[in-house]
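Here's the structure we're looking at; comments come further down.
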Amino acid sequence: MPEVGDTGLIDFASVLNAEQYEAVTAPFGPALVLAGAGSGKTRTLTYRVAWLLSQGVKPSDILLLTFTNKAAREMLGRVEELTGVPARYFWGGTFHHIGQRFIRLFGTSVGIGKNFNIIDADDAESLLGQVIQDTDREFLKHKDNPKTRVVMSIVSYARNTCRPVGEVISDKYDYFEEVSGQIQQFAKLYQAKKLEQQVADYDDLLEYWLKILESDEQAAYYASQRFTQILVDEYQDTNMLQSRIIDRIGTHHRIMAVGDDAQCIYTWRGADFDNIMTFPDRHPGTRIFKIETNYRSTPEILRFANRVLDCQPDGIGFRKELKAFRAANIHPYFIQAIDTRQQAQFVAQRIDYLVENRGMNYRDIAVLYRAHYQAMDLQVELSKRRVPYQITSGVRFFEQAHIRDLVAQVRFAVNPEDSTAFQRFTCLLPKMGPKTALKILELAKDLSHKQKKSVLDVLNQDAILKKVPELGREEWPSLVQTLRDIASNAASEPKQPEAAVKIAVEGWYGDYIREAYENWMQRKDDLESLIGFAARFDSMAEMLAQLVLLNSETSDRSIERSEDCVRLTTVHQAKGLEFPAVFVIGLADGQFPIKRAVEEGNVEEERRLFYVAVTRAMDELYMVFPIISVQAGPMTRSEPSRFIREVPPTCFETVAMHQHRY
DNA sequence: AGTGCTAGCCTTTTT
DNA sequence: GGCTAGCACT
């Protein structure tokens with residue numbers, strides 16, 4: 001156990017402001033910290049951990065829950081810096097990550113073994129698709145019926161809000177009322193299918209966690225005894241599952257929930273800021289702390305942000321007003337460009353200007369947008385001008401086809417019940433489709449049962465080979481050999497995950513990509529870097545879990561290059577970050593707020609999202625509006641975003657690019 | 001029956 | 001620019 005005594009050296013009163021100090025040193029027991037944007041929320045949580053340690057609380061007593069991996073890493077990193085206690089001494093991470101660890105410990109009581117695999121959204125969708133096909137071949141052919149993706153989102157929403165599927169359909173999707181029964185049936189079968197395959201989707205990680213806490217008394221007792229201090233970040237974005245999990249573990253009420261209802265941007269995923277509003281009811285004696293002094297932004301930016309919130313209808317959330325700490329500076333700009341190309345030109349030009357004439361670094365600048373596709377023109381323009389940028393794009397490192405193909409082989413070698421994984425890589429062979437793959441796997445399981453051998457050991461028998469379409473027969477033995485090597489050879493290595501991935505990269509797939517991809521060299525590099533990633537883990541299960549749960553990570557390769565880069569990201573991904581200069585692009589009505597949200601009546605969430613966007617800016621805020629968009633389908637002419645029009649024009653300065661040449 | 005190809009559809013946000 | 005329905009091919 002490291003020395004905890006050094007926390008005694010921290011003079012909490014002098015490094016925190018009065019509001020923060022109150023919260024940090026709040027007595028044990030329920031506390032709700034309402035921290036506005038830029039008010040030092042992370043700082044408060046970090047110092048709270050340090051303060052708890054100074055009060056004799058052990059790191060292992062603390063459970064720290066966050067929404068993103070980034071937030072978890074950052075927070076524990078800062079704690080380590082502050083107190084010298086290494087991050088690994090805490091149970092800290094995303095809900096999904098902690099849930100995964102918990103289920104590996106106690107999953108047997110709900111029928112989940114230690115070595116279950118986690119499937120990502122794509123795999124989950126194809127599994128559900130299969131279930132639908134198997135149950136009713138005609139269902140997806142019917143035009144009026146929801147597609148697999150929609151069925152998935154309905155079911156997922158129901159699960160995250162702890163409501164029956166039928167109720168969600170009547171409530172939010174009444175136009176699917178006729179097939180409500182069928183959808184419920186699909187949901188049930190999908191659940192059974194996953195259990196059979198010993199795989200869990202993202203929602204399962206929360207659902208099983210709660211189920212265990214509710215049904216397994218020992219596990220529940222362990223959890224609440226073990227974690228005597230619970231800290232939750234971004235509490236406004238918790239959904240019903242998450243808030244119930246917290247309440248279940250925190251029967252002792254020593255919970256500190258930190259959040260800002262004005263920044264709730266995940267209701268589409270089931271987040272409910274009622275959780276924050278009713279926290280005091282569920283935890284009697286809750287102390288409420290408000291932290292409103294903003295250290296991040298100029299008064300002009302804050303004035304703008306506050307006016308954005310003013311436009312919310314009455315009765316939504318707690319009233320709040322960010323109070324400026326910093327000195328006056330320039331106004332936010334509202335730039336009207338002709339089209340998305342001119343918008344991109346403006347941003348690129350201005351970035352050049354900020355770097356060359358104002359001494360900013362590229363890394364001080366971020367461009368935010370509502371949806372990934374809006375960044376396309378900008379990428380072209382930035383490349384043209386050789387402005388270095390890093391994009392947290394729609395296609396993430398671990399989501400690339402070649403990464404997933406490879407991982408599927410490792411997954412299957414670890415858990416031969418995982419037919420989703422099996423399908424993924426076998427379908428790479430010519431003429432091999434999902435149906436054929438499934439048949440082969442069924443036969444293999446059959447043979448393995450009869451011969452009392454493992455599935456991997458029967459895969460290269462003649463009976464199986466006969467089922468493989470002719471064009472793929474030559475490759476088959478090499479593929480099977482690789483799978484067996486992963487399972488057996490890697491198991492005898494001291495660093496099993498690393499060895500397994502290495503074998504997979506050097507085996508059948510290494511040859512396959514040469515023929516499959518033009519740019520196989522680059523993809524090979526990606527795969528090599530995956531070996532390095534695997535080397536960080538001791539257990540296969542943990543490595544495979546992290547591959548799925550870290551899916552928003554960028555590759556090691558691109559992190560190296562990201563030293564001094566402009567950041568291009570969606571507003572969602574920018575939450576919690578700050579930049580001296582921020583560009584918000586695509587501020588046309590229909591793009592932000594996005595058309596669909598307007599049609600579905602979710603404008604308030606879009607407004608909160610816009611609020612999150614503008615409060616990322618420290619010194620300079622540029623909001624850009626393309627009058628004409630050619631991005632999606634036909635050319636459309638649009639009005640400036642209602643979020644801009646609703647704010648008094650005195651809060652910003654308008655520049656029309658078609659009048660003043662830049 | 002199952003896989004592969006192409007023309008015409010629509011484009012959100014994340015663990 | 002990605003995805004699916006529909007059709008052709010084995």
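So that the names make sense, note that chain A is the first sequence line, chain B the second, and so on, each numbered from 1.
- A search for side-chain hydrogen bond (donor to acceptor under 3.5 Å, both in side chains) contacts involving Q263(A) returns D260(A), R616(A), not counting sequence neighbours.
- Taking atom C1' on both dT13(B) and dT4(C), the two are 23 Å apart, rounded to the nearest angstrom.
- Looking at R370(A), its side chain comes within 3.5 Å of the base of dT13(B) through a donor and an acceptor atom.
- A straight line from OH of Y373(A) to P of dG1(C) spans 16 Å, rounded to a whole angstrom.
- Summarising the local packing, NZ of K172(A) is surrounded by more than 12 heavy atoms from other residues, nucleotides or ligands at distances under 6.0 Å.
- The nearest whole Å value for the distance from the CD atom in E234(A) to the P atom in dT15(B) is 12 Å.
- Of the residues near DNA chain B, T68(A) and P430(A), the one whose nearest nucleotide (by heavy atom distance) lies more toward the 5' end is P430(A).
- For residues 262-273 of chain A, no pair satisfies salt bridge (Lys or Arg N to Asp or Glu O under 4.0 Å), with sequence neighbours left out.
- Between D526(A) and H402(A), the side chains place a donor N or O and an acceptor N or O closer than 3.5 Å (distance only, hydrogens not considered).
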Under 3.5 Å, N/O pairs linking protein and nucleotides 4-10 of chain C:
none

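- By the ring pair (Phe, Tyr, Trp, His ring centres under 6.0 Å) test, W476(A) is found to be paired with no residue, residues two or more places apart in sequence or in another chain being considered.
- At the phosphate of dT13(B), neither OP1 nor OP2 sits under 4.0 Å from any side-chain N or O atom of Q573(A).
- Both geometric conditions, a ring-centre gap below 5.5 Å and a plane tilt below 30°, are fulfilled for W268(A) over the base of dT13(B).
- Evaluation of the side chain to side chain contact (heavy atoms under 4.5 Å, CB included) rule for K467(A) yields I440(A), L443(A) as partners, not counting sequence neighbours.
- Note on R269(A): every side-chain N or O is 4.0 Å or more away from OP1 and OP2 of dT14(B).
- Distance CG (N239(A)) to C1' (dT14(B)): 12 Å, rounded to an integer number of Å.
- Atom P of nucleotide dT11(B) and atom NZ of K595(A) are separated by 7 Å, given to the nearest angstrom.
- A salt bridge is defined here as a Lys NZ or Arg NE, NH1 or NH2 lying under 4.0 Å from an Asp or Glu carboxylate O, and R608(A) with E605(A) meets this definition.
- If you check every strand for non-hydrogen atoms under 4.0 Å, F95(A) touches nothing.
- Residues satisfying the ring pair (Phe, Tyr, Trp, His ring centres under 6.0 Å) test with F176(A), not counting sequence neighbours, are none.
- Counting non-hydrogen atoms under 4.0 angstrom, P469(A) reaches nothing in the nucleic acid.
- Rounded to whole Å, atom P of dT15(B) lies 9 Å from atom NE2 of H96(A).
- Between T436(A) and the phosphate of dT3(B), there is a side-chain N or O to OP1/OP2 separation shorter than 4.0 Å.
- Q263(A) places its CD atom 15 Å from the C1' atom of dT13(B), with the value rounded to the nearest Å.
- Comparing P434(A) and L609(A) by the nucleotide of DNA chain B whose heavy atom lies nearest to each, the residue mapping closer to the 5' end is P434(A).
- Using a 4.0 Å cut-off, some side-chain N or O of K439(A) falls inside it from OP1 or OP2 of dG2(B).
- Rounded to a whole Å, the CE atom of M152(A) is 17 Å from the P atom of dT15(B).
- Closest to the side chain of H372(A), from the set dT13(B), dT12(B), dT15(B), is dT13(B).
- When rounded to the nearest whole Å, the span between CG of L65(A) and P of dT15(B) equals 15 Å.
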